[in-house]
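Accompanying notes for the structure given below.
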Amino acid sequence: MSTRIAFLKGHGTENDFVILPDPENALDLSPAAVAALCDRRAGIGGDGVLRVVRSAAHPEARAMAGEAEWFMDYRNGDGSIAEMCGNGTRVFARYLQHAGHVTEGDLAIATRAGVKTVHIAKDGDITIGMGRARLPEGDVTVTVGERSWPARNVNMGNPHAVAFVADLAHAGDLYTAPPVSPASAYPDGVNVEFVVDRGPRHVAMRVHERGSGETRSCGTGACAVAVAAARRDGADPAVTGTPATYTVDVPGGRLVITERPDGEIEMTGPAVIVAEGEIDAEWLAQALG
């Protein structure tokens, strides 16, 4: 291992990430290493790690190399692997632009949830094609303390339970995962969103992200919330024939989610690179010791 490892730090609506450029898939990124990097006191700090790898160099992405040159190897803050991260994809795209790999306009990014289409606008916002939502059948309930709510099971390539509540404070501290039943609905864990109305097609949310705790934003979660709100409001685009656009306020900012009649969902929001530097490999080795 080299004595120094290049990194950047970025965020999308304050959902923050350590970015590791590793085009040839040379880094052995263990769960413990990810957790050490994401530690907010003893490491760099972040909700997760975005490893930037050429698709052709990664066994999980090689089949997508013809469509997308770059693969987003996303890890949660606890080191676990995640299928997809919407805010992370915007930050990943911003890094590719920052590094000179892409310019404004359209590109494709490979993820474990498939190839995602991206548009980098001149005004700086980035739009991600998030694919279609799946709505598994079956009743789901979310509980915090003495309160329980029915929740909508929405899958955006990763699992979500969306609960509409009277007050976001009812979500509690969100340090630990809110109990969701039946457990069989989410065998690999779940992201839980608590949602209140702010106005016509305008909601606000808090989220407990699987593997990370409460985060300032969750892109796939915002999409799941918009889908659940559209179904609740009788605005399913597949039924009405018109797109449904929701503004979703998160603690770290604002996202705009549009679901089209064909089911495709687009998410638009900011992405910022805030710093770059080098990780000391000796520190990382000691942190893992």
Side-chain angles (χ1 to χ4, degrees), residues 15 48 60 74 76 78 80-89 111-117 128-144 147-165 170-171 174 176-197 201 203 205-215 217-241 243-246 248 250 255 257-267:
N15 196 185
E60 291 184 76
Y74 177 64
N76 293 314
D78 66 354
S80 60
I81 291 174
E83 304 91 341
M84 172 60 183
C85 175
N87 289 318
T89 306
T111 77
R112 290 186 175 86
V115 175
K116 301 301 177 184
T117 57
I128 306 291
M130 300 290 287
R132 293 174 169 85
R134 291 190 295 108
L135 300 169
E137 295 184 359
D139 295 332
V140 176
T141 300
V142 172
T143 300
V144 176
R147 294 187 176 93
S148 292
W149 303 269
R152 190 74 189 241
N153 188 343
V154 182
N155 193 291
M156 287 299 308
N158 57 359
H160 297 268
V162 180
F164 292 91
V165 300
H170 292 168
L174 292 183
T176 58
V180 178
S181 60
S184 59
Y186 302 105
D188 298 316
V190 62
N191 305 285
V192 183
E193 288 80 26
F194 297 87
V195 189
V196 296
D197 289 297
R201 299 203 179 183
V203 297
M205 62 174 266
R206 290 176 63 199
V207 58
H208 180 280
E209 282 199 64
R210 175 185 58 168
S212 296
E214 181 171 18
T215 59
S217 182
C218 175
T220 56
C223 292
V225 164
V227 168
R231 303 307 183 272
R232 180 200 62 172
D233 297 342
D236 181 350
V239 175
T240 66
T245 297
Y246 280 78
V248 182
V250 295
L255 297 167
I257 312 298
T258 297
E259 184 181 11
R260 302 200 306 250
D262 64 2
E264 290 292 327
I265 298 169
E266 294 181 337
M267 174 184 64

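Every heavy atom of this structure was used, including side-chain atoms; hydrogens, water molecules and symmetry mates were not.
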Who pairs with [X] by side chain to side chain donor-acceptor pair (under 3.5 Å), at least two apart in sequence or on another chain?
| X | value |
| --- | --- |
| N76 | S80 |
| Y74 | none |
| R206 | E214 |
| S181 | none |

>> Can you tell me how far apart CG (N158) and SG (C85) are? Round to the nearest 0.5 Å.
In response: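 If I round to the nearest 0.5 Å, the distance is 8.5 Å.
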> Rounded to the nearest 0.5 Å, what separation is found between the CD1 atom of I257 and the CD1 atom of I128?
Replying inline: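 Atom-to-atom, I257:CD1 and I128:CD1 are 10.5 Å apart.
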> Under 3.5 Å, side chain of N191 to main-chain N/O of A161, donor-acceptor pair present?
Replying inline: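 Checking the backbone N and O of A161 against the side chain of N191, no donor-acceptor pair under 3.5 Å is found.
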> Do H208 side-chain atoms and V192 backbone N/O form a donor-acceptor pair below 3.5 Å?
Replying inline: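 No, H208 side chain to V192 backbone: no donor-acceptor pair under 3.5 Å.
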> Using the ring of each side chain (for Trp, its six-membered ring), is W149 parallel, tilted or perpendicular to F194, with breaks at 30° and 60°?
Replying inline: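 Answer is perpendicular, since the angle exceeds 60°.
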> Between M84 and T89, is a side-chain contact (heavy atoms from CB on, under 4.5 Å) present by the stated rule, with each step listed?
Replying inline: CA-CA 8 Å; M84 172 60 183; T89 306; 3.3 Å; yes
Considering non-hydrogen atoms only, spot the tightest contact between [X] and [Y] and give its length.
| X | Y | value |
| --- | --- | --- |
| S212 | T215 | CB-CG2, 4.0 Å |
| S148 | T143 | OG-OG1, 2.8 Å |
| C218 | M205 | O-CE, 4.2 Å |
| K116 | G129 | CD-O, 3.4 Å |
| V207 | E193 | CG2-OE2, 3.4 Å |
| S217 | V250 | OG-CG2, 3.5 Å |

Under the salt bridge (Lys or Arg N to Asp or Glu O under 4.0 Å) rule, collect the residues that match up with [X], sequence neighbours excluded.
| X | answer |
| --- | --- |
| E209 | none |
| D262 | R260 |
| D197 | R232 |
| R210 | E83 |

Could I get the full list of side chain to side chain contact (heavy atoms under 4.5 Å, CB included) partners for [X], not counting sequence neighbours?
| X | answer |
| --- | --- |
| P243 | T258, P261 |
| V115 | M64, E67, A68, A108 |
| L135 | R152, V154, V227, R231 |

> What pairs with Y246 under ring pair (Phe, Tyr, Trp, His ring centres under 6.0 Å), at least two apart in sequence or on another chain?
Replying inline: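 With neighbours one apart ignored, the set is empty.
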> How about M130 and M156: do any of their side-chain heavy atoms sit closer than 4.5 Å?
Replying inline: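 M130 reaches M156 side chain to side chain.
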>> So T220 and H160, do their side chains get closer than 4.5 Å, heavy atoms only?
In response: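 Sidechains of T220 and H160: in contact.
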